[in-house]
Q: 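Here you go, one structure.
Worth knowing before you read on, the calculation uses all heavy atoms, side chains too, and leaves out hydrogens, waters and symmetry mates. Order of the sequence lines fixes the chain letters, A, B, ..., with proteins taken first and strands second; residue numbering starts at 1 for each chain.
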Amino acid sequence: MAVQTILRISPAAWLGPILALVAMGYARIIYPATYDPYPLALTSVAGWTVSVIGPTVAAFGAWEGGRLHRAGWWGLPHARPAVVVAGASLAPVLVAGLGALGAAIAIRFADAGVLAWPDLRVVGVETCVVTAQALLGFAIGLRLRPVVAVPAAFLLMFTWMALPAAILPVWLDFPTGAWAGCCAIDSDLAPRAVVSAITVVVGFLVAALVLLRQPFARIQFGLASLAAALGIATGLWLVRGMDSNPTVPRDPSVLVCAPGPPEVCVWPEHRSRLATAARVVAKVAPTWLAAGVPLPARFSEEWSEVLPSSTGRVTIRSDNEEEIVLSLARGVLPPVPPCALRSEVPYFGFEARDYVIAWLVDVAGVPPDRYASTHVNGDKILGTVAAVRALPPDEQRAWLAGNLAAMRACGVAPPLEPAG
Amino acid sequence: MELAFEQVTFRYRRSARPVLADFSWQVPPGRTVLLGPNGAGKSTLLALGADALRPSSGRVRFGDLCPARGRDRAAYRRAVGWMPQQIHAVPGLRVQEQVAYAGWLKGLSRREAWAAAATALRQVALSDLAERKTSTLSGGQLRRVGLAQVLVHDAQVLLLDEPTAGLDPAQRARFRELLAALPPERPVVVSTHQVDDLTDLFDTVVVLDDGVIRFVGTVAEFMGLAPAGGGARPAEAAYAQIVTGER
């Protein structure tokens, strides 16, 4: 059909701009606190709008399928393949859906001030999700009256996109392709989540192709439902037992580092802060060493669960030197031992962390109330740190060693208050 | 090239009795009228010829093209034009858009289809309604749109299923004019259960009854079957003679 014909008769063409506006608004209000200029995170959060775009294009698709249903044209012996005919009918629908997705991503990037390509894996999956839902809606429209098909397509797809997000476990949501939990700057999109979403897409596409097939028999509804259910079941099986986010640690080879010792490594998105971080490290490291603090050979923004013991985890969120010191202080601390997450033996290290961080900050020359003032036990921590700092260096070292020991193991009580 | 049905058997789902059984027929050149009572299998035969239905056994072919073979299907469907009994408006489309869309579905490019639609509408004398929405047309006008849809892709054989059903006498006369204007070298099969449609326009008369061809011959041969002194309606008498054996 000619473009002017499409513009005249297609609801997707008329309502596409409204869908884009809704998607843009939605992209701005969901998860507003994406601090890092990380293209994957921005794309993924914007891509969450597919939970609205998908059901809408399914409804548009059902309307276009209904057009051929009402005219009785689907059963005619066309020379063009069914998928090409469907594709032509769906062209305005896909333009509306993918345009809305693109607008949502663009506004999210613009808000973050990031000039970069969106993550193509997320864009690819969301494109497949939108296409599959549009085609499935079209196929439903071919077989049912529009008054039934349009709301049915919308509700079916909306239920699929919204219901798993509303129930536990969290991974039930991953096969939808709407990954709001992706990704902190130190993490990457889990390939299992991608494969899972693609599997569901394949299930939907097979279901649509079953419904497109001529001549039509009622059993095709059953076969299509089976294909969609199999796709969903396989998709869920692929992500079963995953953590609360569909993520894996990010490839550390992309880190950019400043030489040490200690070396400082940040993600490329934080490259502009690296020089400041390196300067702060050069300033505080000798001070901490002199105070008996065991420094790691490297401070890095890598995901903590995979860090070697010689690396301290930091997150350089800004150029503010006091914040960098605070982050370095956290990076100095030993990682939480696995026993802390079990309940057989008590772990006291969490409590000790607050005192030691405040002490480290004070040693580095930053007023400890920068950290402790926001803490629920802030006054107590400040009092303790002041008391510790008044002790001779050897006694401060002993206090530090005792607290670090309590952080490294379970069942070890930390000497929070200085002896004597 | 000719359209041929070779030992075709077809039965509808859930129907024990086949509509056509071991049916063979070759569409003759020129204009053929396919007569037969309701339920004789005329529409089924034409739908099989158009590849809208698939035989349970046997095959349909146009020259070397066999629609059962995937590689031949598109070429076969382009070669055969079929006008089904029911012509519906595609919601929202205007007359020329609908005819062009039909052409595009048969494999024409958009540009070719648009130009061919204008030509087809001229052939069926609907050019003045090209910008009207098809949903606003009368039954007779919609039939002409249906004919334009068959003509638009320049099919090599035309299968027209009850094209005059529901038309008033004037519209039927108009349709016969359209049929007469079609190039004589292109085979055309027109099915009807109305003997009134039989005119000298047709080169061949075929009578189908209960899935079996009862008569094939010229119009003159058909008329010759009417009993002597058969009255003012010899065609009906001849038809009754073939279908019921009445004398």
Q: Which bit of B/A102 is near chain A, if near means a heavy-atom gap under 4.5 Å: side chain, backbone, both or neither?
A: both
Q: How about CH2 on A/W74, more than 12 heavy atoms from neighbouring residues, nucleotides or ligands closer than 6.0 Å, or not?
A: yes
Q: Test your reading of the model: is there a side-chain donor-acceptor pair from A/R80 to the backbone of B/W104, 3.5 Å cut-off?
A: yes
Q: Would you say CG of B/D128 has more than 12 non-hydrogen atoms from neighbouring residues, nucleotides or ligands within 6.0 angstrom?
A: yes
Q: Step by step, would you call A/T5 with B/Y101 a side-chain contact (heavy atoms from CB on, under 4.5 Å)?
A: CA-CA 11 Å; A/T5 306; B/Y101 187 41; over 6 Å; no
Q: If you count the non-hydrogen atoms of other residues, nucleotides and ligands that lie under 6.0 Å from CH2 in A/W237, is the total more than 12?
A: no
Q: So for atom CD, which belongs to B/Q7, do other residues, nucleotides or ligands contribute more than 12 heavy atoms lying within a distance under 6.0 Å?
A: no
Q: Is it true that, when you exclude A/R213 itself, more than 12 heavy atoms of the residues, nucleotides or ligands shown sit nearer than 6.0 Å to its CZ?
A: no
Q: Look at B/P91, B/A50, B/A74 and state which one has the largest set of heavy-atom pairs under 4.5 Å with chain A.
A: B/P91
Q: Identify the two heavy atoms, one from A/A79 and one from B/R78, that lie closest to each other, and give their separation to 0.1 Å.
A: CB-CG, 3.7 Å
Q: When rounded to the nearest 0.5 angstrom, what distance separates CZ in A/R8 from CG in B/L93?
A: 7.0 Å
Q: Counting distance only, does the side-chain N/O of A/R70 pair as donor-acceptor with the main-chain N or O of B/H88 below 3.5 Å?
A: no
Q: Which bit of B/L53 is near chain A, if near means a heavy-atom gap under 4.5 Å: side chain, backbone, both or neither?
A: neither
Q: Counting only heavy atoms closer than 4.5 Å, note whether B/Q149 contacts chain A via side chain, backbone, both or neither.
A: side chain
Q: Name the region of B/P67, side chain, backbone, both or neither, that has any atom closer than 4.5 Å to a heavy atom of chain A.
A: neither
Q: Taking everything shown except A/F158 itself, do over 12 heavy atoms lie less than 6.0 Å from its CZ?
A: no
Q: Looking at chain A, which one of B/Q86, B/H153, B/R94, B/R73 has the largest number of heavy-atom pairs inside 4.5 Å, strictly under?
A: B/R94
Q: Flag the one option from B/E97, B/R110, B/R77 with the top tally of heavy-atom pairs under 4.5 Å to chain A.
A: B/R77
